[in-house]
Every structure is written in C-alpha cells, then in structure tokens.
Participant: 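Once you've had a glance at the structure underneath, I'll fire off some questions.
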Amino acid sequence: NIEPKSIIKNINNIIDIEIKDEVHKEKTILKDSKHNINRYIKELKKEMLEAASELKFESAAQIRDEIKTVNTELSKLDSNLLSLSGKLKMAEKSRQDAQDGINRLKELISKKRKIFSWYNHYLKDLKKIKLNKEHYPAKSVYWMTTIYIKKSKKRLLASNLGKILKKKMIDSRPVFPSISTYPMWKSKNNYFSKEFSKYSLNLPSGHNLNKQKVKYISKSLLQILDKN
C-alpha cells in the first residue's frame, strides 16, 4: 500500500520540532524575565522600606509607583505564558487533525487499491479490454478503475457500454473528453485523446464497494462484451 511517510514525518516535525522548540524558547525567556522581575521587585520593596524608615516618604512613594509599574509588566508576562500554553495545545490539536486526515487518506487509498485488485482478478481473462494498471516505479491510488475497450470487429463505444450497464443498475462514469479539441489548444496530435475518451469508461470505484459487488460488475462486463 502507498504510505505517504514523508508527509506524515513533516506533519510530526511541525509540532515535535518547530513549534515545540519555538514555544520552549519563548517560555524560557519569559520565565527568566519573570525571575529577574520578581528579584527586582524584592529589591524595590527593600529600598521602599528603607526610605520610609528614614522618613524619605517622597522617595518611598516613587519606589511604590515603580513597583506597581513592574507588577503590571509581570502580569503581562504571566498572560504571555498562558498564551504560549494555549498555542501549544492548539498546535497539538492541528497536528492531530492533520494526522487523522492522513490516516483517513491512507485508509481510502488502501481500499481503492483493493477494489482495483478485485477488478483485475475478475477481468484478467477478458481480452477485449485493458485496465489502467500502474507501471513501476510509479504507484497509483486507483481513485477510479478505468477500462479501455480494445479494437475488435464489434467494438462497443464506451457511451453505449455505459447505457447497457445502467440497465443492470451499474453506474459508470465517462472518461474526460478530448481536451486537445478545446478552443484554447491548437495541438493537431489529438488522435489518442479522442480514442481514449471514446472507448474508455470509469467503473464503479466507491470506497463502499465490496468484493461481491465488484464480482457482479465484472461478471456483467464479461457477459456484455462476450456478446459484442
């Protein structure tokens, strides 16, 4: 199965290295500042008491006002420390949400590849079609399992095959139209894109499919193409 390990590693690094390291540094700075401020307040209080004992009330009042100012800054530091704790919790929550998303994606990709393997098994003897198999070293998520109808005397158009499948309660999807024929493109080499869109069909590929449903779809395809 495809496992986007590098993506997962990067997401973990965001919280484990970058954010945690940043928060740790900021906390260290703030705690050091708080320690220094508390020590400074202690010294100021000592000076204020000494000034008052010497009847230097104006100096004592000035020192008292200084203590109030410094205490205000101390409150800001406490608020910043709380904010950093909240930042760390939010970062952890974001990391967990991202991790949950990656896990869900891995689950979906695993199921999509399993669905393709079922189709590949049941349709392996059907010579009139070709499946969109991956080619090493590339890996496909197989978001859609696609068949290409090969050339034959009674070659079915993909659109007609889709209609026949519809009567059997099998919902298929057309492959993209020939993009090279759009006005913005001037390429003359559009044979293959026309051919592919004309004779290719996306089979049911929803993650809720089970093996029995794929077997039924494959059996229906075998019966239809055997007659055409």
Participant: Are Thr72 and Thr69 close enough that some pair of their side-chain heavy atoms sits under 4.5 Å apart?
Facilitator: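 No. Closest side-chain heavy atoms not under 4.5 Å.
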Participant: Would you say Met144 and Tyr119 are hydrophobically clustered, going by side-chain heavy atoms of ILVMFWY under 4.5 Å?
Facilitator: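 Not linked; separate clusters.
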Participant: Within a strict 4.5 Å, meaning less than it, do heavy atoms of the Leu221 and Leu161 side chains meet?
Facilitator: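 Contact flag for Leu221/Leu161 side chains = yes.
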Participant: Could you go through the salt bridge (charged side-chain N to carboxylate O under 4.0 Å, His left out) check for Glu73 and Lys76 one step at a time?
Facilitator: CA-CA 5 Å; Glu73 293 302 314; Lys76 289 180 181 179; 3.5 Å; yes
Participant: If you apply the rule salt bridge (charged side-chain N to carboxylate O under 4.0 Å, His left out), what do you find for Arg104 with Asp100, and how did you get there?
Facilitator: CA-CA 6 Å; Arg104 177 59 177 153; Asp100 290 343; over 6 Å; no
Participant: If you measure from CG on Leu49 to CD on Glu54, what distance do you get to the nearest 0.5 Å?
Facilitator: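 Between atom CG of Leu49 and atom CD of Glu54 there are 11.0 Å.
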Participant: Taking atom CD1 of Ile63 and atom NZ of Lys56, what is their separation to the nearest 0.5 Å?
Facilitator: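 Reported value, rounded in 0.5 Å steps: 9.5 Å.
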Participant: Test Asn132 against Phe116 for side-chain contact (heavy atoms from CB on, under 4.5 Å), laying out the working first.
Facilitator: CA-CA 9 Å; Asn132 56 322; Phe116 179 86; 3.4 Å; yes
Participant: Does any N or O in the side chain of Glu134 come within less than 3.5 Å of the main-chain N or O of Ser140, such that one atom is a donor and the other an acceptor?
Facilitator: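 Yes: the side chain of Glu134 pairs with the backbone of Ser140.
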Participant: Assess whether side-chain contact (heavy atoms from CB on, under 4.5 Å) is satisfied between Ile170 and Lys166, documenting all intermediate values.
Facilitator: CA-CA 5 Å; Ile170 299 171; Lys166 188 72 174 177; over 6 Å; no
Participant: Once rounded to the nearest 0.5 Å, what's the spacing between atom OG of Ser197 and atom OH of Tyr148?
Facilitator: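 It comes to 10.0 Å.
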Participant: Output, in order, the C-alpha distance, side-chain angles, deciding distance and verdict of side-chain contact (heavy atoms from CB on, under 4.5 Å) for Ile217 and Lys168.
Facilitator: CA-CA 9 Å; Ile217 296 166; Lys168 293 178 174 289; over 6 Å; no
Participant: Return yes if some donor-acceptor pair links the side-chain N/O of Ser117 with the main-chain N/O of Lys114 below 3.5 Å, else return no.
Facilitator: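 A pair under 3.5 Å: yes.
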Participant: Check Lys127 against Lys150 and note the closest heavy-atom contact, atom names and distance.
Facilitator: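 Here Lys127 and Lys150 meet closest at O-CD, 3.3 Å.
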Participant: Distance only, no hydrogens: is a donor on one side chain within 3.5 Å (strictly under) of an acceptor on the other, for Glu107 and Asn103?
Facilitator: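 Not at all, the side chains of Glu107 and Asn103 share no donor-acceptor pair under 3.5 Å.
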Participant: Around Lys45, counting heavy atoms of other residues, nucleotides and ligands shown, do more than 12 lie under 6.0 Å from its NZ?
Facilitator: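 No.
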Participant: Any chain of hydrophobic side-chain contacts (each under 4.5 Å) joining Leu131 to Ile224?
Facilitator: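 Leu131 and Ile224: one cluster.
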Participant: Checking Lys112 side chain against Trp143 main chain: does a donor-acceptor pair fall under 3.5 Å?
Facilitator: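 Side chain of Lys112 to backbone of Trp143, a donor-acceptor pair under 3.5 Å: yes, one is there.
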Participant: Is there a donor-acceptor contact under 3.5 Å from the side chain of Ser205 to the main chain of Thr145?
Facilitator: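 A pair under 3.5 Å: yes.
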Participant: Answer yes or no: is there a side-chain heavy-atom contact under 4.5 Å between Tyr142 and Ile115?
Facilitator: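 No. Closest side-chain heavy atoms not under 4.5 Å.
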Participant: Quick one: closest heavy-atom pair of Glu66 and Leu44, and the distance?
Facilitator: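 Heavy atoms of Glu66 and Leu44 come nearest at CG-CD1, 3.6 Å.
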Participant: Does atom NZ of Lys111 have more than 12 heavy-atom neighbours, drawn from other residues, nucleotides or ligands, at distances under 6.0 Å?
Facilitator: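 Count over threshold, so yes.
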Participant: CG/Asp125 to CG/Leu222 distance, rounded to the nearest 0.5 angstrom?
Facilitator: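 The CG atom of Asp125 sits 8.0 Å away from the CG atom of Leu222.
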Participant: Locate the shortest heavy-atom distance separating Ser200 from Ala158; write the atom from each residue and the value.
Facilitator: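 Distance-wise, the nearest heavy atoms are O-CB, 3.1 Å.
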Participant: Between CG of Leu157 and OH of Tyr199, what distance do you get to the nearest 0.5 Å?
Facilitator: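 Result: 5.0 Å between the selected atoms.
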Participant: Taking all non-hydrogen atoms of both residues, which atom of Leu225 and which atom of Lys128 are closest, and how far apart?
Facilitator: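 Looks like O-NZ, 2.7 Å.
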Participant: Under the side-chain contact (heavy atoms from CB on, under 4.5 Å) rule, what do Leu201 and Thr146 come out as? Steps first, then yes or no, please.
Facilitator: CA-CA 6 Å; Leu201 196 67; Thr146 306; over 6 Å; no
Participant: Would the distance check show the side chain of Ser110 and the main-chain N or O of Lys106 forming a donor-acceptor pair, the cut-off being under 3.5 Å?
Facilitator: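 Side chain of Ser110 to backbone of Lys106: no pair is present.
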Participant: Donor-acceptor pair, Arg173 side chain versus Pro204 backbone, under 3.5 Å?
Facilitator: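 Not a single qualifying donor-acceptor pair exists.
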Participant: Looking at Asn71 and Ile67, would you say the former's side chain and the latter's main chain have a donor-acceptor pair under 3.5 Å?
Facilitator: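 Checked: pair present.
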Participant: Quick one: closest heavy-atom pair of Leu203 and Leu123, and the distance?
Facilitator: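 Heavy atoms of Leu203 and Leu123 come nearest at CD1-CD1, 4.3 Å.
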Participant: At what distance, to the nearest 0.5 angstrom, does CG of Asn38 lie from OH of Tyr40?
Facilitator: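 Output value for this atom pair is 13.0 Å.
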Participant: Would you say Ile147 and Ile164 are hydrophobically clustered, going by side-chain heavy atoms of ILVMFWY under 4.5 Å?
Facilitator: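 Ile147 clusters together with Ile164.
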Participant: Of all the heavy-atom pairs spanning Asn210 and Trp118, show the shortest one and how long it is.
Facilitator: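 Between these two residues, the closest heavy atoms are C-CZ3, 3.4 Å.
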